[in-house]
Amino acid sequence: LPLTKGCYDVVNEISTEASTQIKSSFVVLDDADAPIDYYLVNESHPKNIFELDSVSLENKYISGKFMVSYNLDTTRGKNEDYNPNNLRLFNGRFEATLLE
């Protein structure tokens, strides 16, 4: 995770020359925390972003917002019919304390 304020593209695999990308995936778990279905970033969607609004290394704190679209990873199959084929997370906000 880059610790610099700014906007980053959310992708499945980070290109070696790109410093403006964040790798992501999404996993649906059952009640016992076992993975059920896997999702990959829909890289054809124009608005897959992760934005760091606040970075304080002194206080070990970051915050920001995100929006990402995912598609079911069909190479792993679909294990639960009730899980959607596509997911869209938008207007997401996060705050985190950095661990050493």
Side-chain angles (χ1 to χ4, degrees):
L1 175 66
L3 295 177
T4 305
K5 286 170 67 171
C7 194
Y8 300 89
D9 295 323
V10 181
V11 295
N12 291 310
E13 294 295 329
I14 296 174
S15 146
T16 54
E17 64 276 350
S19 62
T20 60
Q21 296 179 329
I22 302 284
K23 181 178 178 177
S24 178
S25 61
F26 189 90
V27 180
V28 177
L29 304 175
D30 68 10
D31 291 339
D33 293 337
I36 298 174
D37 285 319
Y38 295 82
Y39 293 82
L40 299 173
V41 174
N42 175 357
E43 292 183 345
S44 66
H45 196 282
K47 294 269 188 174
N48 292 320
I49 60 168
F50 181 90
E51 187 172 351
L52 281 174
D53 295 329
S54 176
V55 176
S56 173
L57 297 179
E58 180 180 298
N59 296 321
K60 299 183 189 306
Y61 172 84
I62 61 171
S63 68
K65 50 192 165 246
F66 63 92
M67 65 175 78
V68 185
S69 290
Y70 296 95
N71 292 333
L72 182 72
D73 181 356
T74 56
T75 64
R76 297 175 184 254
K78 185 172 184 178
N79 295 307
E80 291 294 345
D81 289 335
Y82 56 79
N83 285 334
N85 291 329
N86 305 298
L87 298 172
R88 176 86 178 128
L89 305 177
F90 59 95
N91 294 330
R93 298 213 37 90
F94 67 91
E95 294 183 16
T97 302
L98 301 173
L99 301 176
E100 293 185 36

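Position 1 is the first residue of the sequence, and the numbers go up from there.
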_Classify the ring geometry of Tyr39 against Phe26: parallel below 30°, tilted from 30° to 60°, perpendicular beyond 60°._
perpendicular

_Side chains of Thr20 and Phe50, heavy atoms from C-beta outward: is any pair under 4.5 Å?_
no

_Sole candidate of Val41, Asn12, Ile14 that passes side-chain contact (heavy atoms from CB on, under 4.5 Å) when paired with Lys23_ = Ile14

*Hey, mind stepping through Tyr70 and Leu89 against side chain to side chain contact (heavy atoms under 4.5 Å, CB included) and telling me if it holds?*
CA-CA 8 Å; Tyr70 296 95; Leu89 305 177; 3.9 Å; yes

*Are Leu87 and Val68 in one and the same hydrophobic cluster, where Ile, Leu, Val, Met, Phe, Trp and Tyr link if side-chain heavy atoms are under 4.5 Å apart?*
yes

_Test of understanding: with side-chain contact (heavy atoms from CB on, under 4.5 Å), list the residues that count as partners of Leu98, not counting sequence neighbours._
Leu3, Leu57, Lys60, Ile62

*Ser44: partners by side-chain hydrogen bond (donor to acceptor under 3.5 Å, both in side chains), with sequence neighbours left out*: Asn42

*Going by distance alone, is a donor N or O of one side chain under 3.5 Å from an acceptor N or O of the other, for Tyr38 and Thr75?*
no

*Asp37: partners by side-chain hydrogen bond (donor to acceptor under 3.5 Å, both in side chains), with sequence neighbours left out*: Asn83

*Mind checking ring pair (Phe, Tyr, Trp, His ring centres under 6.0 Å) for Tyr61 and listing every partner two or more places apart, or none if nothing turns up?*
none

*Return the set of residues passing side-chain contact (heavy atoms from CB on, under 4.5 Å) with Arg88 (not counting sequence neighbours), or none when no residue passes.*
His45, Lys47, Asn48, Met67, Ser69, Phe90

*Flag yes if more than 12 heavy atoms outside Lys78 fall under 6.0 Å of its NZ atom; otherwise flag no.*
yes

*Quick one: do Val10 and Phe94 end up in the same hydrophobic cluster if we chain Ile, Leu, Val, Met, Phe, Trp and Tyr together by side-chain heavy atoms under 4.5 Å apart?*
yes

*Report the distance from atom CG of Leu40 to atom CG of Asp73, rounding to the nearest 0.5 Å.*
4.0 Å

*Hey, quick one: are Ile22 and Leu52 part of the same hydrophobic cluster, counting side-chain heavy atoms closer than 4.5 Å, chains of contacts allowed?*
yes

*Which residues pass the side-chain contact (heavy atoms from CB on, under 4.5 Å) test with Asp33, sequence neighbours left out?*
Leu29

*Any donor-acceptor N/O pair, Asp53 side chain to Ser63 backbone, under 3.5 Å*: no

